[in-house]
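Start at 1 and go down the list; that is how both ligands and their atoms are numbered. Values in this document were obtained by computation on a predicted structure and should not be read as measured data.
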Amino acid sequence: MKSVTLLGATGSIGVSTLDVIAQHPERFSVFALSACRNVERLFQQCQTFKPRYAVLTEPQAAEQLYALLQQVDLPTQVLVGEDALCQIASDPEVDYVMAAIVGAAGLKPALAAAQAGKRVLLANKEALVMSGQLFMDAIQASGAELLPIDSEHNAIFQCLPTQNRQQGVQKLVLTASGGPFRTWAKERLINVTPAQAVAHPNWSMGQKISVDSATLMNKGLETIEACWLFNVSMEQIEVVVHPQSTIHSMVTYCDGSVLAQLGNPDMRTPIAYALGYPERLLSGVKPLDFIQLARLDFERPDTERFPCLRLASEAHQAGGYATIALNAANEEAVQAFLKQQIGFMDIPRLIEQVVVQARAGTPTTLETIFIQDKDSREAALSWIKTKKMQ
Ligand code: NAD
Ligand code: MG
């Protein structure tokens, strides 16, 4: 029986994780659940999974949850704030931690799980983009297990050799759906609305990652994520647009072999793989219907219409501070775009402006990571403010 903490339980990944866990009550128990402010959903989840702890980031939401739990007489203890997130991620009784908070907010608790030697199921790619070296060092030092949840990285994990993970590997090929604007002309992209950007053709996901998929920043962040996870250079990574999202990614070998992992686009597959590893578990995902699928298409990504892919690669080459700036500027740009303060094509423009201001080199402490994060957010917000006044 494995005891699981879910960071970001009320989100798209959190809900899919609980769906898989519910299919295996003999294998997993839920130790703790967390959310930012979605009291209603967290309360429902507490009633179903009866965790020891429920953590909310917002104090008011925590009070509401506390009142609701009193009414139903559940033993779940309500905690509040970031320290509580780190506590439920590192508690000695916890075996597995699903890191599924979106954005920089997830870094400290994910790192706490890594330092405490847990099996870390990493969905929160922004954490790794911000802290790559520090995070991987923490995993090494504590003997934690790091299992990627991002479908591309989970696919690559499945396609790599089990013993010597680098042996004979030539390239990691990350597939990208191309997002909702794959076929749109550059001029049309200027007028994209938030509603159009969050409507992903193949995957159902949270708002932020949906916009990232539309700009291709999601793929950019994923190339950086892959460099850290699999200890490869940016040159060893190739991005291929594959509109069906059936091949989740591939590994090419020096003998000409290519291994791919295929399946329906449903996050319960990588989640079940990481929960069960090295065993396979039922996930509830429908089997792939090859006849209905009929074909697999591939295209070269267009970095002129989608500059974020290039920006991510350049930032990674520049160093750790630049990737922190890239992530911070992107988070602020996406929020401003969703609030209709800036246009879709302003997103890469803003990011480029902020990344050039980043310090040189790579930070070695969490403190310096968050200083760069804060500086870059301020630079992004002032860019947005100027833009709004125009
Ligand atoms: P989501 O927006 O649906 O959910 C985010 C979760 O994080 C929610 O539970 C929310 O309450 C919590 N949260 C948000 N802000 C917070 C804060 N400031 N402090 C504490 N908690 C906070 O997002 P999602 O789509 O589930 O994505 C989660 C992470 O997984 C992201 O990093 C994303 O890139 C990654 N990911 C998602 C998918 C997917 O299919 N959804 C696929 C691959 C990777
Ligand atoms: Mg992905």
Side-chain angles (χ1 to χ4, degrees), residues 5-19 32-45 54-59 61-62 65 79-86 88-89 98-110 120-130 147-157 174-179 198 200 202-213 215-226 229 239 242 245 247-249 261 264-271 274 285 327 330-331 334-335 338 373:
T5 281
L6 268 91
L7 304 168
T10 54
S12 163
I13 293 287
V15 168
S16 293
T17 306
L18 287 173
D19 184 287
L33 298 171
S34 93
C36 186
R37 62 175 78 87
N38 190 341
V39 176
E40 222 164 280
R41 187 170 285 172
L42 192 61
F43 177 56
Q44 282 172 4
Q45 293 177 337
V55 179
L56 281 149
T57 314
E58 303 229 327
L65 181 69
L79 304 174
V80 62
E82 196 172 54
D83 288 346
L85 291 177
C86 295
I88 59 167
M98 168 56 83
I101 290 174
V102 58
L107 171 54
K108 279 187 191 164
V120 183
L121 287 70
L122 187 72
N124 180 203
K125 65 194 85 184
E126 297 92 344
L128 204 53
V129 168
M130 290 176 74
L147 287 155
I149 295 299
D150 221 338
S151 59
E152 296 76 3
H153 307 75
N154 190 274
I156 289 168
F157 188 91
L174 293 183
T175 53
S177 69
V198 298
H200 196 277
N202 304 339
W203 297 93
S204 146
M205 310 179 286
Q207 273 204 328
K208 192 253 175 187
I209 184 176
S210 297
V211 176
D212 285 351
S213 299
T215 59
L216 257 63
M217 180 51 95
N218 183 49
K219 210 51 53 183
L221 297 174
E222 288 181 358
T223 59
I224 301 171
E225 183 186 12
L229 282 174
V239 174
H242 164 48
S245 297
I247 297 181
H248 299 313
S249 276
Q261 186 260 355
N264 282 315
D266 186 322
M267 290 306 291
R268 290 176 301 173
T269 296
I271 291 167
V285 176
N327 179 67
N330 181 54
E331 286 191 27
V334 170
Q335 288 315 314
L338 288 170
D373 179 71

| Top protein contact for atom 41 (N) of ligand 1, by heavy-atom distance | Ser12 OG, 3.2 Å
| message | Considering both backbone and side-chain atoms of Gly206, is one of its nitrogen or oxygen atoms within less than 3.5 Å of a nitrogen or oxygen in ligand 1? | response | yes
| task | With side chain to side chain contact (heavy atoms under 4.5 Å, CB included) as the test, would you mind laying out the steps for Arg268 and Asp266 before giving the verdict? | result | CA-CA 5 Å; Arg268 290 176 301 173; Asp266 186 322; 2.9 Å; yes
| field | Smallest separation among heavy atoms of Met205 and Ser213, with atom names | value | CE-OG, 3.4 Å
| field | Atoms in ligand 1 with a heavy atom of Ala123 nearer than 4.0 Å | value | 30 (O), 32 (O), 35 (C), 36 (N), 44 (C)
| Sidechain-backbone polar pair: Gln45 side chain, Ala9 backbone, donor-acceptor under 3.5 Å | yes
| Closest non-hydrogen atom pair, His248 against Asn264 | NE2-O, 3.7 Å
| Mind checking whether Lys208 has a heavy atom under 4.0 Å from ligand 1? | no
| task | Could you tell me the residue and atom name of the protein heavy atom closest to atom 29 (C) of ligand 1, and the distance to it rounded to 0.1 Å? | result | Ile101 O, 3.8 Å
| Does an N or O from Ser34, backbone or side chain, lie closer than 3.5 Å to an N or O of ligand 1? | no
| Nearest-neighbour protein heavy atom for atom 36 (N) of ligand 1, which is reported as residue plus atom name and distance | Ile209 CD1, 3.6 Å
| Under 3.5 Å, is there a donor-acceptor pair linking the side chains of His242 and Ser177? | no
| said: Once you restrict to heavy atoms under 4.0 Å, what part of Ala9 touches ligand 1? Side chain, backbone, both or neither. | reply: backbone
| query | What's the shortest distance from atom 28 (C) of ligand 1 to any protein heavy atom, and which residue and atom give it? | reply | Ala100 O, 3.4 Å
| field | Sub-3.5 Å N/O-N/O distance, Glu126 and ligand 1 | value | yes
| Contact atoms of ligand 1, heavy-atom distance to Ala105 under 4.0 Å | 17 (C), 18 (N), 19 (N)
| remark: Near Thr57 (heavy-atom distance under 4.0 Å), the atoms of ligand 1 are 19 (N), 20 (C), 21 (N)
| query | What residue and atom, counting heavy atoms only, is the protein's closest point to atom 38 (C) of ligand 1, and at what distance? | reply | Ile13 CD1, 3.5 Å
| Can you tell me how far CE of Met217 sits from NZ of Lys208, rounded to the nearest 0.5 angstrom? | 8.0 Å
| task | State the atoms of ligand 1, each with its element, that fall below the 4.0 Å cut-off from a heavy-atom position in Gly8. | result | 6 (C), 7 (O), 9 (O)
| query | Heavy atoms, side chains only, cut-off 4.5 Å: are Met98 and Ile271 in contact? | reply | yes
| task | With side chain to side chain contact (heavy atoms under 4.5 Å, CB included) as the test, would you mind laying out the steps for Leu122 and Leu128 before giving the verdict? | result | CA-CA 9 Å; Leu122 187 72; Leu128 204 53; 4.0 Å; yes
| query | Would Asn38 and Thr10 count as a side-chain hydrogen bond (donor to acceptor under 3.5 Å, both in side chains) if you check the C-alpha gap in whole Å, the side-chain angles of each, and the deciding distance to 0.1 Å? | reply | CA-CA 7 Å; Asn38 190 341; Thr10 54; 4.7 Å; no
| task | Report the distance from atom CD of Glu225 to atom CG of Asn124, rounding to the nearest 0.5 Å. | result | 9.0 Å
| message | Can you report which non-hydrogen protein atom sits closest to atom 34 (O) of ligand 1, along with the distance? | response | Lys125 CE, 3.2 Å
| field | Closest approach of Ile13 to Met267 (non-hydrogen atoms, all atoms of both residues) | value | CD1-CE, 3.8 Å
| For Asp150, what is the atom name of its N, O or S atom nearest to the Mg ion (ligand 2)? | OD1
| query | If you check every N/O/S atom of Glu222, which is the one nearest the Mg ion (ligand 2)? | reply | OE2
| Thr223 side, atom OG1; Leu221 side, atom CG - distance, nearest 0.5 Å | 7.5 Å
| query | Side chains of His153 and Glu222: do they bring a donor and an acceptor to under 3.5 Å? | reply | no
| query | Which residue and non-hydrogen atom of the protein lie closest to atom 4 (O) of ligand 1, and at what distance in Å? | reply | Gly11 CA, 3.1 Å
| request: Could you pull out, from Gly81, Pro148, Cys36, the option with a heavy atom nearest to atom 15 (N) of ligand 1? | output: Cys36
| About how many Å separate CD1 of Ile149 and NZ of Lys125, when rounded to the nearest 0.5 Å? | 11.5 Å
| task | Just give me the atom name: the N, O or S atom of Glu152 closest to the Mg ion (ligand 2). | result | OE1
| Ala35 heavy atoms, cut-off 4.0 Å: which ligand 1 atoms fall inside? | 11 (O)
| task | Just let me know how Asn124 lines up against ligand 1, side chain, backbone, both or neither, with a heavy-atom cut-off below 4.0 Å. | result | both
| Short N/O distance, under 3.5 Å, between Thr10 and ligand 1? | yes
| field | Shortest protein heavy-atom distance from atom 43 (C) of ligand 1, along with the residue and atom involved | value | Asp150 OD1, 3.1 Å
| said: Please work out, at 4.0 Å between heavy atoms, whether the side chain, the backbone, both, or neither of Met267 comes within that distance of ligand 1. | reply: side chain
| query | Between CG of Asn154 and CG of Leu229, what distance do you get to the nearest 0.5 Å? | reply | 10.5 Å
